Asker: 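Next up is a structure, given as structure tokens.
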Amino acid sequence: MTNSEEKIDIRDIKAHYTLRSSTFVTKLKELSFFSFRTRVEALAKIDEVFSWTKRNEWGISEVAWEKTLEANISPLYLFLHPRILSEQPDLLAYYRSIALLSQKGFKKILSISIEQIEQGGRVPNRENSLKICFLINEFVSIIIENRETINLEQILGMMFASAGAQIQGAWNNAIGLEGELLVKKLIIRRLLNQGAIKAFSLLNNQIVTELEKPLELAKFIKILLLNNQGSIVFRNEPDIAIYDRNGILKGDVEIKAGIDTGGALERLGAAMKSFENTRRENPNCECFYLCGCITKEVTKRVNQATDFATMYTLNEIIYDLEQQENFINHLLALSFSE
């Protein structure tokens, strides 16, 4: 059996999909999908302020229009009015999702990049607004025409189906970041419970002694300033660094969340390189390798290495409370040591 064919431990697969679930919920919130229906519902309650006399010019077929009215559904739930792009451009993400169009597909068809529009940072010009409206309404019209019935539950399902496809497309790139974020949250939660955090340094360099929802804001936290005068720093290399009160690097944590066995040795090599750089600064620095899976070849290489690191799987850190506690307490102890 080759390394790429090696069977993955079911517990590691479970941890992988825990990260995936966490990513999807986080992204749905970041992309505002949980609030879209509420916002569109508010518009639908005053839909009389929108004129649809030019709907044919905006890509809405009469068959789809009539079926929408017969279903007693406000057109604003389904069709994109040009005014929406001027007044609330980020709602483009909702209407694009109803049309089951991806951002990539949208750009291929219209040669218009819509990411900044959906982020609310740019209002398209009139020409592009009409092109965008026509394409979305054309697709939605076809969907409605080919349905026996249409209701709000189906509309919501279409939106989340499209959102899921969008997030899935970015998942492979996000897994590493999500693994780091999950471990970061575990550390923050445990240290908060122990009363070990004196202050937070944020990515914008602001220092605060209290955060209302530190776990929700974890991605914006750069440094944990500890009561023992040590610190825990979250960055790229190492992913997590532990310093004592004298500013000496005492701990290096590398997190590699991937579970594809073919890339296991590459991820191990990257961690080894980081540990090598760390030990140039402090030969006595303790290193920790948190990985998505351990293959036979990884085990072999680790056993052959001299003073490699303490190795955990993410499964152990997520689900084994004893291992989780040992790991986090070890980090805190390092910040105390001199």
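Fair warning: this is a prediction, and the values are worked out from it, not measured in the lab.
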Asker: Going from CD on E62 to CG on N56, what distance comes out if it is rounded to the nearest 0.5 angstrom?
Answerer: 4.5 Å

Asker: Taking the side chain from E316 and the backbone from T313, do they hold a donor-acceptor pair closer than 3.5 Å?
Answerer: yes

Asker: Is a donor on one side and an acceptor on the other found under 3.5 Å between the side chain of N329 and the backbone of E325?
Answerer: yes

Asker: CD of E322: more than 12 outside heavy atoms within 6.0 angstrom?
Answerer: no

Asker: In Å, rounded to the nearest 0.5 Å, how long is the span from CG of N227 to OG of S335?
Answerer: 10.0 Å

Asker: Using distance alone, with no hydrogens and no angle criterion, decide if S61 and E145 have a side-chain donor and acceptor under 3.5 Å apart.
Answerer: yes

Asker: Got a second to check how far L224's CG is from K184's NZ, nearest 0.5 Å?
Answerer: 8.0 Å

Asker: Establish, from distance only, whether the side-chain atoms of Q229 and D244 form a donor-acceptor pair under 3.5 Å.
Answerer: no

Asker: Angle between ring planes, Y289 versus F308, binned at 30° and 60°: parallel, tilted or perpendicular?
Answerer: perpendicular

Asker: At what distance, to the nearest 0.5 angstrom, does CG of L135 lie from CG of L101?
Answerer: 5.5 Å

Asker: Distance check, rounded to the nearest 0.5 Å: E276 atom CD versus D252 atom CG?
Answerer: 12.0 Å

Asker: Any side-chain to backbone donor/acceptor pair from N282 onto N284? Under 3.5 Å, distance only.
Answerer: yes

Asker: Let me see the working for R39 and D90 under salt bridge (Lys or Arg N to Asp or Glu O under 4.0 Å), right down to the final yes or no.
Answerer: CA-CA 11 Å; R39 292 174 60 189; D90 59 316; 2.6 Å; yes

Asker: Give the minimum heavy-atom separation between I98 and I143, together with the two atoms involved.
Answerer: O-CD1, 3.7 Å

Asker: Please determine if R55 forms a cation-pi arrangement with F79, meaning its NZ or CZ atom is less than 6.0 Å from the six-membered ring centre and no more than 45° off the ring axis.
Answerer: no

Asker: Is any side-chain heavy atom of I232 less than 4.5 Å from a side-chain heavy atom of Y243?
Answerer: no

Asker: Got a second to check how far I223's CD1 is from L203's CG, nearest 0.5 Å?
Answerer: 9.5 Å

Asker: Taking Y95 for its side chain and L76 for its backbone only, find out whether a donor-acceptor pair lies under 3.5 Å.
Answerer: yes

Asker: Say whether Q88 and R83, considering side chains only, have a donor N or O and an acceptor N or O under 3.5 Å apart.
Answerer: no

Asker: Can you give me the closest heavy-atom contact between L249 and E281, atom names plus distance?
Answerer: CB-OE2, 3.6 Å

Asker: Would you say K67's side chain and I144's backbone share a donor-acceptor pair under 3.5 angstrom?
Answerer: yes

Asker: Have T295 and E297 got a donor and an acceptor in their side chains that come within less than 3.5 Å?
Answerer: no

Asker: What heavy-atom pair brings V183 and I240 nearest, and what distance separates the two atoms?
Answerer: CG1-CD1, 4.0 Å

Asker: Check for a donor-acceptor pair, side chain of E286 on one end and backbone N or O of G251 on the other, with a separation under 3.5 Å.
Answerer: no

Asker: Can you find a side-chain donor-acceptor pair between N277 and R280 that sits under 3.5 Å?
Answerer: yes

Asker: Can you confirm whether E212 is buried at CD, in the sense that more than 12 heavy atoms of other residues, nucleotides or ligands lie under 6.0 Å from that atom?
Answerer: no

Asker: Side chains of Q323 and N326, heavy atoms from C-beta outward: is any pair under 4.5 Å?
Answerer: yes

Asker: Quick one: do the K222 and N205 side chains pair a donor with an acceptor below 3.5 Å?
Answerer: yes

